[in-house]
Amino acid sequence: MSTEMPKAYDPKDVEPRWYAFWIENNAFRADPSPDDKRPVYVIPMPPPNVTGALHMGHALMTTIEDVLLRHKRMQGFNTLYQPGIDHAGIATQTVVERILRAEGKSRHDLGRPAFLERIWQWKAKSGGRINDQQRVLGASADWPRLKFTMDPDMTRAVREAFVRLHDEGLIYRATRLINWCSDCRTALSDLEVENEEGAQGEMFQFAYPISQADGGGEIVVATTRPETMLGDTAVAVHPDDPRYKHLHGKRLRHPILDREIPIITDSILVDPKFGTGAVKVTPAHDFNDFATGKRHKLEEINILELDGKLNANAGKFAGMTVKESRKAVKKELEALGLTRGTQKHALSLPRCQRCETVVEPMISTQWFVQMKPLAEPALQAVNDGRTVIIPAEWKKTYDHFLENIQDWCISRQLWWGHQIPAWYCGACGEVTVSRDDTVDKCSKCGSDKMRQDDDVLDTWFSSALWPFSTLGWPDQTDFLKKFYPASDMETGYDILFFWVARMMMMGLHFMGEVPFRRVLLHGLVVDENGDKMSKVKGNVIDPLDLIYGASFDQVVAKALPGAPPGDALTRFKKAYPSASQLGTGFPAFGADAVRFTLCSYSPQAKRIALAPKRIEGYRNFCNKIWNAVRYSMTYIEAVAVTEAPPPATALANRWILSRLISAVEASTKGIDEFRLDDASGALYHFFWDELCSWYLELTKPVFLAGSEELKNETRAVLAHAIQVAVRALHPFIPFISEELWHRVPRAVGMPDTVSLARYPTAIDGRLDAAAEADMQIVQNVIVAARTIRAEHEVHPGAEIPLLLRAADPSVRELLAREMVSIRTLVKTQGDPQIEPAGSPRPRGSVMSVAGPVEVLVGLSGLVEGAREKERVQREIKKVEKDIVVTDKKLSSPSFVDKAPAEVVAETRTNLEALRRKRTQLDEALAIADELG
RNA sequence: AGGCGCGUAGCUCAGGGGUAGAGCACUACCUUGACACGGUAGGGGUCGGUGGUUCGAAACCACUCGCGCCUACCA
């Protein structure tokens, strides 16, 4: 390792060095051996989609999880960060179909085996990209354990789960209404349907003629989907609605199709106050109507083909799309003189989460999981605290979901995925469900005319098994025994239902134990305005551009491909106002800065508004760390560091060793409580504001002119503090900390990689309340003197005479001991004079009050009295305001009587101090007067 | 329609019964021997509104306005 350190930190130079080093050192490997007695810490990584490229959401998830993992690893836990990739059924199939289409082919041209072959080829080529990018971010996953949800062992687990659930009657096949996406050509679960709020629609009214045999007349119904009338099998009214009492049991003539349909009465479906109080009933294409149809045993007439076009049941409208038929049906009704007006109507449109096609409810035979029996234990587990959800607000959402859960449609009409392990007998129709690859004989009649179900399972079915399938289930492997249940499941709140709840259910069902102890939920990364990142908006940021740097031309070309660069840039800067301050693009902030930034956001924020400018601040922090070490190296290179904190007698040394404790404890507490913002903030504050701004500055006069003894002590403490800080920071900024670990001296026995070094605790510092209190006085004195300098625009290079007066002899002793520090940091002319309170002062000085110390700065000739008077009067105003507030409080009898005694006492002390200060400021004012 | 959450400094956000905090931005001065990706000092908020509880409210409660998100959905 070269000892030279460049003046500026360059992440591009440092970061690429370390990942391979960690891998070589097996730093991230989990040990399944039963002999390993270390406590265990496990996070199953939410497997990114095989289709995807790293986006900010992945960066956030990877960072947070990696911080948790690295922290626990350093604390001596046997850690497993279980990595994976998800096969992402619909998304992946769509991607490969798009490639095929470019070649002028469809998947049907290839046939199922050849098509799947193509997907596997594609996966082999571009499937691992996200994992590579996670490495750039520093993810400390146990990569050799990487699982793909379609791996043979994962598939075996899926089949096992399916067969068991089926045998238990929890998986069943049924014909019912499901959500159908005609573009993806598959059924969807309820969760995969997104409702577009406030879509502008139209309420169309038309009349059903009453059969002549029943006396003629008409009944008016309303609909937002007129074409569904082709599937109507009844019109319903409320049984108690007087307007329609005379029509109960009468029959209607379908105006377009040659059939009669009944008028039925139904108090569940019909709200007599809404519209005309008469509802057309289309059991095959509406969820409420479907239920109504079951109640009244109505015929279910499906009018749709799988491609979304109308079928033969629609008569002459067959072959039209929904949109075309809607128009045509309206026209036809118009021609028949049956239209009864329209009105605007806001509705929510169900759209396919994946492709945004409007989803149609359709009757279909599918496989379902019965959820109620599975949901109950999952609710219970969170209620009794076996699994804790953090932030806790999400528990209500979780409860609500599970309490109202519907059965889960798990079959998908796709080719890419786990094919359903069910075989149908061509002879007797028996369904055989099996763990085997093939079933050639019917279990019932022995026929060999067996055909496997063409459909595949919902991708989330395999994901639900993730915490144990990845560990070898159904086999009782060492891994499963040791690493189930996981410690933390960390993921975005948006997949609480999709994934977390389902893992809870499956984990409890198959393992008899919760799949993880805690659920940690983070927010969505959005742009600076709070808008979701999307290709449409052109506000997507590629994390790699932040890490490696990129010109805005490059950034925008990715954010809004194909758009004129000028427009794209305008939109981008609108989404990220702070980006304008970054010049022509993102500099290479480095992975550490990106990580630290992501950790600095509160996890309870639902939206994490990414401000590129903020990353710059943390890049600067990395540079600060770099330079602090660069400075320190001059003095500490040869220090023989011990693990225990070295002896310290000097105030600054005692102080920094004491402050170290607050920093590392706050860091650990923050990480443990999933408050990475607090943890990272505490370390940032410690390093910059305490270690750099005060401690390093205080070491300078020592190294310049201190005694050998003091120099040695300071070298040892500095080396210790730096080395502890590097360890404390490592989970957040693994790269720079590893680099520095190899530069700074470290204790004998500490590992060669900081990633395996012990995370600092209170034993790495030495609590010293007296030192902290004394230091506080010294700091206040220095700041007071500096303030006077700055207010009077004394040139920073100029030296000023300083007189310190204190009533308390121990304070005077303290000041005398710290004379060199004060002299250096204030830049005084000679040594500051230290006198008792009330001692005479030189003419032409100004005064400030710093706690128990009066700070007098000789400014004779440097300053006008008027200006000083202004300054003092400003201070007087502040103090007086405080006095008024405090006095008012204390003069209120109710406060003195009812407030806690210690609060009253504290307020009294406060008031005394304020009054004393007020008196002293009077003197300061008098002094200012002397300046003329 | 229900549920959840948010509204605090110009911006992004912490905090949370005892006289307001951070980062960035801003102002002034400074290239001082780690760092200008820096230093020192400073300005800036009646904590969305109204009412209540309390000795004391930015914090707790009620209502209200504005904004998000989620779930359900009236044809």
Side-chain angles (χ1 to χ4, degrees), chain A residues 5 7-9 190-191 195 203 205 221-225 228 235-236 269-271 273-282 286-289 345 347-348 350 393-394 396-397 400-401 404 493-494 496-497 524 528-530 577-578 581 587 589 593 597 600-602 604-611 613-614 616-634 675 677-678 681 684-685 692-693 696-697 700 704 783 786-791 793-797 825 827 881-882 884-886 888-889 892-900 902-904 906-907 910:
Chain A
M5 291 180 74
K7 197 170 156 182
Y9 172 61
D190 301 343
L191 290 179
N195 290 306
M203 184 72 85
Q205 299 200 337
V221 296
T223 179
T224 54
R225 296 185 293 156
T228 60
V235 166
L269 180 70
V270 184
D271 173 3
K273 291 190 284 292
F274 187 90
T276 61
V279 187
K280 59 188 273 312
V281 184
T282 325
D286 181 283
F287 285 94
N288 288 314
D289 294 2
H345 183 76
L347 71 163
S348 53
E393 296 91 276
W394 289 107
K396 285 179 197 160
T397 310
H400 185 263
F401 173 71
N404 298 285
Y493 71 80
D494 52 322
L496 180 61
F497 303 153
L524 246 48
E528 239 175 295
N529 297 323
S578 81
Q581 293 170 31
F589 293 123
T597 307
S600 73
Y601 288 92
S602 165
Q604 48 216 47
K606 279 198 189 173
R607 304 179 151 258
I608 293 171
L610 186 78
K613 187 73 180 156
R614 189 160 166 167
E616 187 184 51
Y618 293 113
R619 190 257 329 236
N620 296 351
F621 179 52
C622 291
N623 187 58
K624 189 77 179 174
I625 296 168
W626 183 259
N627 275 289
V629 172
R630 197 163 77 98
Y631 161 79
S632 305
M633 284 307 285
T634 321
R675 288 305 304 257
D677 55 333
D678 287 347
Y684 179 95
H685 173 252
C692 290
S693 296
L696 292 190
E697 293 305 321
K700 286 177 184 177
L704 205 66
V783 169
R786 279 170 169 176
T787 303
I788 291 172
R789 293 186 61 120
E791 296 263 324
E793 290 173 19
V794 175
H795 191 278
L825 296 201
K827 201 166 266 182
K881 195 185 133 211
D882 287 351
V884 169
V885 172
T886 316
K888 203 175 138 198
K889 222 178 193 181
S892 148
S894 47
F895 173 73
V896 181
D897 293 347
K898 293 183 183 170
E902 68 265 24
V903 173
V904 177
E906 199 190 312
T907 312
N910 217 336

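Only heavy atoms go into these numbers, but all of them, side chains included; no hydrogens, no water, no symmetry mates. Computed from a prediction, not measured in an experiment: that's the story for all the values here. Lettering follows sequence order; numbering is per chain, from 1.
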Contact class for A:L269 vs. all strands (heavy atom < 4.0 Å): base, sugar-phosphate, or nothing?
base
P gap between B:C26 and B:C11, integer Å:
15 Å
In whole angstrom, give me the gap between the C1' atoms of B:C6 and B:U64.
16 Å
Rounded to whole angstrom, note down the P distance from B:G23 over to B:C60.
26 Å
For the pair A:F621 and A:Y684, name the ring-plane relationship: parallel under 30°, tilted 30 to 60°, perpendicular over 60°.
tilted
Out of B:G18, B:U19, B:A75, minimum distance to the side chain of A:D882 belongs to B:U19
A:T886 near the nucleic acid: base, sugar-phosphate alone, or nothing, with a heavy-atom cut-off under 4.0 Å?
base
Distance between the C1' atoms of B:C24 and B:U31, in whole angstroms?
23 Å
Under 4.0 Å between any heavy atoms, over every strand shown, what does A:L696 touch: base, sugar-phosphate, or nothing? Just pick one.
base
Check A:F895 against A:V903 and note the closest heavy-atom contact, atom names and distance.
CZ-CG1, 4.0 Å
Please tell me whether A:R614 and A:S578 have a donor and an acceptor in their side chains that are separated by less than 3.5 angstrom.
no
So A:S602, base contact, sugar-phosphate only, or nothing? Heavy-atom distance under 4.0 Å.
sugar-phosphate
Select from A:Y684 and A:H345 the residue whose nearest nucleotide in RNA chain B is closer to the 5' end of that strand.
A:Y684
Excluding sequence neighbours, so at least two apart, what forms side-chain contact (heavy atoms from CB on, under 4.5 Å) with A:F497?
A:L191, A:T397, A:F401
A:Y493 has an atom OH; how far is it from atom C1' of B:U71, in whole Å?
14 Å
Would you mind classifying the nucleic acid contact of A:A236 as base, sugar-phosphate or nothing, using non-hydrogen atoms under 4.0 angstrom?
nothing
Measure from the side chain of A:K827, starting at C-beta and using heavy atoms only, and say which of B:U32, B:A14, B:C55 lies closest.
B:U32
For A:R607, answer base if it contacts any base atom (sugar-phosphate contacts may also be present), sugar-phosphate if it contacts only those atoms, and nothing otherwise; contact means non-hydrogen atoms under 4.0 Å.
sugar-phosphate
Please encode protein proximity along nucleotides 35-43 of chain B as a string of B, S and -, counting only heavy-atom distances under 4.0 Å.
BSBSSSSS-
May I ask you to say what A:P900 touches in the nucleic acid, namely base, sugar-phosphate or nothing, with a heavy-atom cut-off under 4.0 Å?
base
Under 6.0 Å from the CD atom of A:E906, do we count more than 12 heavy atoms belonging to anything else shown?
no
Would you say A:K606 places a side-chain N or O within less than 4.0 Å of OP1 or OP2 belonging to B:C4?
no
Closer than 4.0 Å, any side-chain N/O of A:H400 to the OP1 or OP2 of B:G2?
no
Minimal non-hydrogen separation, A:D286 against A:R225, with atom names:
OD2-NH2, 3.5 Å
Across the strands shown, which category fits A:N195 at heavy-atom distances under 4.0 angstrom: base, sugar-phosphate, nothing?
base
May I ask you to say what A:F497 touches in the nucleic acid, namely base, sugar-phosphate or nothing, with a heavy-atom cut-off under 4.0 Å?
sugar-phosphate
Closest approach of A:V270 to A:V279 (non-hydrogen atoms, all atoms of both residues):
CG2-CG2, 3.9 Å
Rounded to whole Å, how long is the line connecting atom CD of A:E793 with atom C1' of B:A28?
6 Å
Regarding the side chain of A:H795, the nearest nucleotide among B:U31, B:A14, B:C13 is B:U31
Partners of A:D678 by side-chain hydrogen bond (donor to acceptor under 3.5 Å, both in side chains), sequence neighbours excluded?
none
Hey, is the side chain of A:R789 poking within less than 4.0 Å of OP1 or OP2 on B:A28, counting only N and O atoms?
no
